[in-house]
Amino acid sequence: MDDYTAKVLEAVDSIPAGQVMSYGDVAEFVGQGGPRQVGRVLALWGGGVAWWRVVHADGSLLAGHERKALARYEAEGTPLRRPADGGLPRIDMRRARRRGDG
DNA sequence: GTGTTGACAATCA
DNA sequence: CTGATTGCCAACA
C-alpha cells in the first residue's frame, strides 16, 4: 500500500453512485501520475473499491469486466448508451462523468 | 541503462 | 463513429 495507491482508491471511492470518472480524471484528481498509473493501481487494489465507476475517457467499459460493470450500472442507474447494434452498452460520458455538468 | 509493455488520452483522417 | 498515431508515466526483462 502506497500513498499514491491510497489517493487513487480514495478518489474512486469518492465517485457517487450513478456517476463515473475516467482514468485521466482520477489521475488529475489525485494530482499525481497519469491514467496508466491509475489503471495499474485499480488492477492491484481495485478489488476493494468501486472499480466499475472508473471507465475510459470515451465511455467504453473495462476489458474483461464489461458484464460485471453493466450489472452495476443498471443497478446504480448510471446513464448508459445502448447501441442500435445490440452490442455492449457504453457510459454516457456527457451525464455520467463527474466533471462539469455538460 | 535500454527496450517493451500496459484496467489510458487526445488528435488527425 | 472508426482506425491509426503520438504522448504520458511506471513496472518488468
Side-chain angles (χ1 to χ4, degrees):
Chain A
M1 175 66 89
D2 297 325
D3 288 341
Y4 181 72
T5 303
K7 294 250 188 184
V8 173
L9 298 179
E10 189 175 299
V12 176
D13 189 31
S14 179
I15 308 173
Q19 290 193 341
V20 302
M21 279 215 284
S22 71
Y23 293 87
D25 287 343
V26 178
E28 197 178 338
F29 186 93
V30 306
Q32 286 194 321
R36 325 262 331 175
Q37 280 61 317
V38 174
R40 214 177 56 74
V41 171
L42 288 171
L44 297 169
W45 300 79
V49 298
W51 51 266
W52 57 87
R53 288 181 200 159
V54 183
V55 298
H56 297 261
D58 71 312
S60 48
L61 306 183
L62 292 166
H65 297 286
E66 302 96 331
R67 306 296 305 182
K68 302 290 264 199
L70 277 173
R72 296 289 179 178
Y73 299 143
E74 294 214 355
E76 296 185 353
T78 308
L80 302 171
R81 278 187 61 76
R82 300 279 330 250
D85 208 321
L88 285 170
R90 288 195 305 281
I91 304 287
D92 193 345
M93 295 307 279
R94 300 290 271 196
R95 305 193 299 165
R97 202 181 188 192
R98 198 162 161 276
R99 259 226 163 190
D101 47 309

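All chains are named by letter (A, B, ...) in the order of the sequence lines, taking the proteins before the strands, and each is independently numbered beginning at 1. Since we're looking at a predicted model, the values are computed, not measured.
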Going by the rule ring-ring contact (aromatic ring centres under 6.0 Å, His included), which residues pair with A/W45 if we only count those two or more places apart in sequence or in a different chain? none
Near DNA chain C, counting only heavy atoms under 4.0 Å, which residues of residues 29-40 of chain A show up? A/R36, A/Q37, A/R40
Note: contacts of residues 41-80 of chain A with DNA chain C (heavy atom, under 4.0 Å) are none
For [X] and [Y], work out which heavy atoms get closest and say how close.
{"X": "A/R95", "Y": "A/P79", "result": "NH2-CB, 3.5 Å"}
{"X": "A/A50", "Y": "A/V12", "result": "O-CG1, 3.4 Å"}
{"X": "A/L9", "Y": "A/V41", "result": "CD2-CG1, 4.3 Å"}
{"X": "A/P89", "Y": "A/P83", "result": "CA-CD, 3.8 Å"}
{"X": "A/P16", "Y": "A/R98", "result": "CD-CD, 3.1 Å"}

With the side chain counted from C-beta on, respond yes when [X] and [Y] share a heavy-atom pair under 4.5 Å apart, and no when they do not.
{"X": "A/V55", "Y": "A/M93", "value": "yes"}
{"X": "A/D92", "Y": "A/L80", "value": "no"}
{"X": "A/L61", "Y": "A/R67", "value": "no"}

Quick one: which residue pairs count as a side chain to side chain donor-acceptor pair (under 3.5 Å) with a foot in residues 2-14 of chain A, not counting sequence neighbours? none
Which residues satisfy the side-chain hydrogen bond (donor to acceptor under 3.5 Å, both in side chains) test with A/S60, sequence neighbours excluded? A/D58
For residues 69-78 of chain A, dump all side-chain donor-acceptor pairs below 3.5 Å to protein atoms at least two apart in sequence or in another chain.
from: A/Y73; atom 1: OH; to: A/W52; atom 2: O; distance (Å): 2.3
from: A/E76; atom 1: OE1; to: A/R53; atom 2: NE; distance (Å): 3.3
from: A/E76; atom 1: OE2; to: A/W52; atom 2: NE1; distance (Å): 3.1
from: A/E76; atom 1: OE2; to: A/R53; atom 2: NH2; distance (Å): 3.0

Could you give the start and end, 5' to 3', of the contact zone on DNA chain B for chain A, using atoms under 4.0 Å from its heavy atoms? B/dG6 to B/dA10
Exercise answer: donor-acceptor pairs, residues 24-37 of chain A side-chain atoms, under 3.5 Å, sequence neighbours excluded:
from: A/D25; atom 1: OD1; to: A/S22; atom 2: OG; distance (Å): 3.4
from: A/D25; atom 1: OD1; to: A/R97; atom 2: NH2; distance (Å): 2.7
from: A/D25; atom 1: OD2; to: A/S22; atom 2: OG; distance (Å): 3.0
from: A/D25; atom 1: OD2; to: A/R97; atom 2: NE; distance (Å): 2.6
from: A/D25; atom 1: OD2; to: A/R97; atom 2: NH2; distance (Å): 2.9
from: A/E28; atom 1: OE1; to: A/R99; atom 2: NH2; distance (Å): 2.8
from: A/E28; atom 1: OE2; to: A/R99; atom 2: NH2; distance (Å): 2.7

Which of residues 17-25 of chain A have a heavy atom under 4.0 Å from DNA chain B? A/S22, A/Y23, A/G24
Please identify the 5'-most and 3'-most nucleotides of DNA chain C with any atom under 4.0 angstrom from a heavy atom of chain A. C/dC8 to C/dA11
